[in-house]
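The shown structure was predicted, so the numbers you read here are calculated from the model rather than taken from an experiment. Proteins come first, then strands; the chains are lettered A, B, ... in the order of their sequence lines, and each starts at number 1.
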Protein chains: 2
Amino acid sequence: MHKEHTLTKNQQIIFDLIDKSSEPMKAYSILFNVQKKGIKAPLQVYRALDKLVEIGKIHKIESRNAFIACHNSSCQVAKATAFSICEICEKVTEISSAGLSKYLANFKDKDGMKYSKYNLEFFGLCKKCR
Amino acid sequence: MHKEHTLTKNQQIIFDLIDKSSEPMKAYSILFNVQKKGIKAPLQVYRALDKLVEIGKIHKIESRNAFIACHNSSCQVAKATAFSICEICEKVTEISSAGLSKYLANFKDKDGMKYSKYNLEFFGLCKKCR
DNA sequence: TACATAGTGTTATATTATAACATTTTAAAT
DNA sequence: ATTTAAAATGTTATAATATAACACTATGTA
């Protein structure tokens, strides 16, 4: 469960936009969409994005440089994320699997190193595109 | 095991550089380093990088926009990659765990979707930085 | 109130990556 | 050896992604 944060005006505007979107949004597409609300510069977008990622309200899809809203209460504040990505239609879905999170949270490498955070991106074809 | 490819001149120059590097290299740092060998433009670098990634000789660390040579014969041609990343010194290590690759290669989500490819990045502190 | 922390607005610039087009090299198949 | 198709190259220009630096404002709290 997310710790509750009161979002600031810019954060709220940008979160709402991403949350309503059915697909991951890129920073400059976000910028274009919020210009009518007074957010004019890339930095204003990136600062809000950084904060939203930090508090776990959104996630960055690293392989796509794009952002989606978090809909997974078990992804402890951006620390453990997993996504499936369709290589044709680019649909991205957050994976919510207790088994997977448990496996990865407990994974230790050969040196016995335990990790505080991970990001996993699966690629394949979604139902529609198969 | 990698299918053997004969690298072209540019590919070989760029692979050698990355392979010798003890840390992931970024595209423009690569460019700077190979300019004395006649590779003058970003596109020449990116094309070689694309090909090297495609054939599995190097991997892209998505969260860092950087490239490392593959030292893991089990990462079937760029289809199944896992890395550990130190958040302080930025040291990146390719993870070679039969258990992990088996688990992820066989992972199916709720829709029974099976994936053809994945990339996993773990974050934490390396031995030195702890 | 005063203080610290976080957020904002703005301009400029750095960094990462691709488009488009002409040419050359390579490998394989006659 | 010659043709041919695919891959790679060289080049200029530009697109897309992201941060630096600085002045200022809002917010919470001691």
Chemist: Can you tell me which residue among A:Leu17, A:Ile13, A:Asp19 is in a side chain to side chain contact (heavy atoms under 4.5 Å, CB included) with A:Phe15?
Modeler: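 The side chain to side chain contact (heavy atoms under 4.5 Å, CB included) with A:Phe15 is passed solely by A:Asp19 among A:Leu17, A:Ile13, A:Asp19.
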Chemist: Can you tell me if the side-chain N/O atoms of A:Gln44 get under 4.0 Å from OP1 or OP2 in C:dT8?
Modeler: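 For A:Gln44, the contact criterion (side-chain N or O under 4.0 Å from OP1 or OP2 of C:dT8) is not met.
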Chemist: Can you tell me the distance, in whole Å, between the OH atom of A:Tyr46 and the C1' atom of C:dT8?
Modeler: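 It works out to 18 Å between those atoms.
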Chemist: Rounded to the nearest angstrom, tell me the gap between atom CD in B:Glu62 and atom P in C:dT16.
Modeler: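 After rounding, the reported distance stands at 13 Å.
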Chemist: Ignoring hydrogens and geometry, is there a side-chain-to-backbone donor-acceptor pair from B:Lys37 to B:Asn10 under 3.5 Å?
Modeler: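 No: the side chain of B:Lys37 does not pair with the backbone of B:Asn10.
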Chemist: For a 4.0 angstrom threshold against heavy atoms of chain A, report the outermost contacting nucleotides of DNA chain D in 5' to 3' order.
Modeler: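 Range of nucleotides touched by chain A: D:dT17 to D:dA21.
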Chemist: Tell me, which of residues 25-43 of chain A have any heavy atom that sits under 4.0 Å from an atom in DNA chain D?
Modeler: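 Here the set is A:Lys26, A:Tyr28, A:Leu43.
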Chemist: Distance check needed: C:dT5 P versus A:Arg47 CZ, whole Å only.
Modeler: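 Nearest whole value for this atom pair: 18 Å.
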Chemist: Would you sketch DNA chain D in dot-bracket for me? Only Watson-Crick or G-U wobble pairs with both distances under 3.5 Å count, crossing pairs as [ ], other-strand pairs as |, the rest as dots.
Modeler: ||||||||||||||||||||||||||||||
Chemist: Looking at B:Lys117 and A:Glu87, does any basic side-chain N land under 4.0 Å from a carboxylate oxygen?
Modeler: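 Salt bridge: yes.
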Chemist: Please examine the side chains of A:Ile85 and A:Glu90, heavy atoms only from C-beta on, and report whether any two atoms are closer than 4.5 Å.
Modeler: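 The answer is yes, as the side chains (C-beta and beyond) meet within the 4.5 Å cut-off.
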Chemist: Any non-hydrogen side-chain atom of B:Leu120 less than 4.5 Å from a side-chain atom of B:Leu100?
Modeler: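 In contact.
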Chemist: Looking at A:Thr8, does any N or O in its side chain come under 4.0 Å of the phosphate oxygens OP1/OP2 on C:dT8?
Modeler: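 A:Thr8 to C:dT8 OP1/OP2: side-chain N or O found under 4.0 Å.
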Chemist: So B:Lys60 and B:Asn65, do their side chains get closer than 4.5 Å, heavy atoms only?
Modeler: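 The answer is yes, as the side chains (C-beta and beyond) meet within the 4.5 Å cut-off.
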Chemist: Can you check the A:Ile13 CD1 to C:dT8 C1' distance for me, whole Å?
Modeler: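 To the nearest whole Å, that distance equals 12 Å.
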Chemist: Going through the checks in order, is the side chain to side chain contact (heavy atoms under 4.5 Å, CB included) test met by A:Ser96 and B:Lys110?
Modeler: CA-CA 9 Å; A:Ser96 173; B:Lys110 285 168 176 161; 4.0 Å; yes
Chemist: Check whether any side-chain nitrogen or oxygen of B:Asn65 sits under 4.0 Å from OP1 or OP2 of C:dT15, and answer yes or no.
Modeler: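 B:Asn65 to C:dT15 OP1/OP2: no side-chain N or O under 4.0 Å.
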Chemist: Compare side-chain N and O positions of B:Lys9 against OP1 and OP2 of C:dT26 and report whether any pair is under 4.0 Å apart.
Modeler: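 No, B:Lys9 has no side-chain N/O under 4.0 Å of OP1/OP2 on C:dT26.
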Chemist: Is there side-chain contact between B:Leu31 and B:Gln35, with heavy atoms separated by less than 4.5 Å?
Modeler: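 They are in contact (side-chain heavy atoms under 4.5 Å apart), so the answer is yes.
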Chemist: For the pair made of NZ in A:Lys51 and C1' in C:dT5, what is the distance, rounded to whole Å?
Modeler: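 The distance from NZ of A:Lys51 to C1' of C:dT5 comes to 10 Å, rounded to the nearest Å.
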Chemist: How are the rings of A:Phe107 and A:Tyr115 set relative to one another: parallel (under 30°), tilted (30 to 60°) or perpendicular (over 60°)?
Modeler: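 A:Phe107 vs A:Tyr115 ring planes: parallel.
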Chemist: Give a yes or no answer on whether the side chain of A:Glu121 reaches the backbone of A:Glu62 with a donor-acceptor pair at less than 3.5 Å.
Modeler: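 Present.
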Chemist: Check the distance between C:dT10's P and A:Asn10's CG and give it to me in whole angstrom.
Modeler: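 That distance rounds to 11 Å.
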Chemist: With the side chain counted from C-beta on, respond yes when A:Phe83 and A:Ser63 share a heavy-atom pair under 4.5 Å apart, and no when they do not.
Modeler: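 A:Phe83 vs A:Ser63: side chains apart.
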